[in-house]
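In what follows, every heavy atom counts, from backbone to side chain, and hydrogens, waters and symmetry copies are set aside.
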Amino acid sequence: MSRKIAAVLAAVAVAVLLPSPAQAHGQLAFSDPADHSTVTEPRESVRLVFTEKPTSAAYFTVKAPDGTRVDHGWSGGEPKPLPSPVQELTLRDGNWEPQLYKIGFPAVIPVSHWPQTGVYTITYLSVASDGDKVTGEIRFDYQGKLTTAPAGWTAPTNQPDPGLGQTAPPQQPAATSGATAAAPAPAPESTTWPYWVLAGLVAALVLGGVLLHRRSTTR
């Protein structure tokens with residue numbers, strides 16, 4: 001095996017290890033409180049700011065350190081200029097081009113109470129205008145005054161809308177008379193390999209080619 005072939009295989013390995021660009025419309029620009037920050041005073045709400053207005057079916061939660069939810073719905077705030085523009089990639093005519101977003105679209109999530117000190121987690125799930133999933137989480141350390149739940153408070157148990165790309169729970173077949181409902185066909189197995197597996201295979205090919213080349217030159 002020639003050195004040129006080995007070089008080509010090495011280039012392929014690098015290409016496998018590098019992730020392809022992804023459309024990133026409607027992504028999180030910043031949060032208040034910021035990720036990994038510390039909050040020392042109780043507050044009525046937290047705020048996430050996106051580069052596009054979250055869809056009306058967007059899903060948000062705020063969880064106390066023990067996993068208890070303390071969020072209470074959400075509402076869209078007034079769009080405002082971002083402190084600094086956010087760059088995202090847009091696919092135009094087959095090419096990825098940077099695009100700057102200068103306006104932020106808030107999602108305001110009321111917090112019912114602060115039952116514990118420790119790390120709170122904000123999760124979000126939405127869909128951008130181009131169909132891209134917008135999801136992530138923010139963690140912050142609360143070290144402020146503890147507050148009690150409002151009278152009659154019940155922690156929310158709602159789940160994400162299936163339209164947000166979440167897998168719906170399996171449905172039980174409806175009861176039928178005189179016939180047995182057919183079992184659902186199993187989902188086809190995925191043939192997509194993780195990047196680290198592909199990279200390992202290519203690296204092994206490169207190493208094997210180099211060893212074969214060395215052996216052929218020493219004979």
Checklist entry - What is the minimum heavy-atom distance between Ala34 and Ser37, and which atoms define it? => result O-OG, 2.6 Å
Checklist entry - Can you tell if the side chain of Lys102 reaches within under 4.5 Å of the side chain of Pro81, non-hydrogen atoms only? => result no
Item to check | Polar side-chain atom of Tyr101 near backbone of Phe50 as donor-acceptor pair, under 3.5 Å | outcome: no
Checklist outcome for this item: Rounding to 0.5 Å, atoms CG (Asp141) and OG1 (Thr117) come to a distance of 7.5 Å
Next on the checklist: Quick check against the 3.5 Å criterion: does Arg43 have a side-chain atom that pairs as donor or acceptor with the backbone of Val111?
Outcome noted: no
Checklist entry - Under the criterion side-chain contact (heavy atoms from CB on, under 4.5 Å), which of Val46, Thr121, Leu48, Asp32 is the partner of Ile138? => result Leu48
Checklist entry - In terms of ring plane angle, is the pair Trp114 and Tyr142 parallel, tilted or perpendicular, where the classes change at 30° and 60°? => result parallel
Checklist entry - Looking only at heavy atoms, which two atoms of Pro85 and Leu100 are closest? And how far apart? => result CB-CD2, 4.2 Å
Item to check | Nearest non-hydrogen partners of Ser112 and Pro150, listed with the distance | outcome: O-CD, 3.9 Å
Checklist entry - Where do Val49 and Leu82 land on the side chain to side chain contact (heavy atoms under 4.5 Å, CB included) test, with the steps shown first? => result CA-CA 9 Å; Val49 180; Leu82 293 171; 3.8 Å; yes
Checklist entry - What do you reckon, is NE2 of His113 surrounded by more than 12 foreign heavy atoms closer than 6.0 Å? => result yes
Checklist entry - Got Asp132 and Val127 here, is their nearest side-chain heavy-atom distance under 4.5 Å? => result no
Checklist entry - Quick one: do Glu137 and Arg139 make a salt bridge, cutoff under 4.0 Å? => result yes
Next on the checklist: As a quick check of understanding, evaluate side chain to side chain contact (heavy atoms under 4.5 Å, CB included) for Asn158 and Tyr59, giving each step before the final call.
Outcome noted: CA-CA 9 Å; Asn158 63 308; Tyr59 180 75; 3.6 Å; yes
Item to check | Closest non-hydrogen atom pair between Pro42 and Thr147, with its separation | outcome: CB-CG2, 4.2 Å
Checklist entry - Given the rule that I, L, V, M, F, W and Y join up when any side-chain heavy atoms are under 4.5 Å apart, are Val86 and Val134 in one cluster? => result no
Item to check | For Ser31 against Asp35, the heavy-atom pair lying closest together | outcome: OG-N, 3.7 Å
Next on the checklist: For Asp161 versus Gly163, what's the shortest heavy-atom pair and its separation?
Outcome noted: OD1-N, 2.7 Å
Next on the checklist: Please tell me whether Leu125 and Ile109 are part of a single hydrophobic cluster in this structure, the criterion being side-chain heavy atoms less than 4.5 Å apart.
Outcome noted: no
Next on the checklist: Can a side-chain donor-acceptor contact be found between Ser129 and Glu52 if the only test is distance below 3.5 angstrom?
Outcome noted: yes
Next on the checklist: Could you see if Ile122 belongs to whatever hydrophobic cluster contains Tyr120? Use Ile, Leu, Val, Met, Phe, Trp, Tyr and a side-chain cutoff under 4.5 Å.
Outcome noted: yes
Checklist entry - Ignoring hydrogens and geometry, is there a side-chain-to-backbone donor-acceptor pair from Ser126 to Thr55 under 3.5 Å? => result yes
Checklist entry - Would you say the side chain of Arg69 lies within less than 4.5 Å of the side chain of Lys63, judging by non-hydrogen atoms? => result yes
Checklist entry - Are Val70 and Phe60 co-members of a hydrophobic cluster defined by side-chain heavy atoms under 4.5 Å apart? => result yes
Item to check | Any donor-acceptor N or O pair under 3.5 Å, side chains Thr61, Thr123 | outcome: yes
Item to check | Co-members of the apolar cluster containing Ile103 [side chain, <4.5 Å] | outcome: Phe105
Checklist entry - Checking Thr51 side chain against Gln27 main chain: does a donor-acceptor pair fall under 3.5 Å? => result yes
Next on the checklist: Quick check: is Val39 connected to Tyr124 through a chain of hydrophobic side chains (ILVMFWY, heavy atoms under 4.5 Å apart)?
Outcome noted: yes
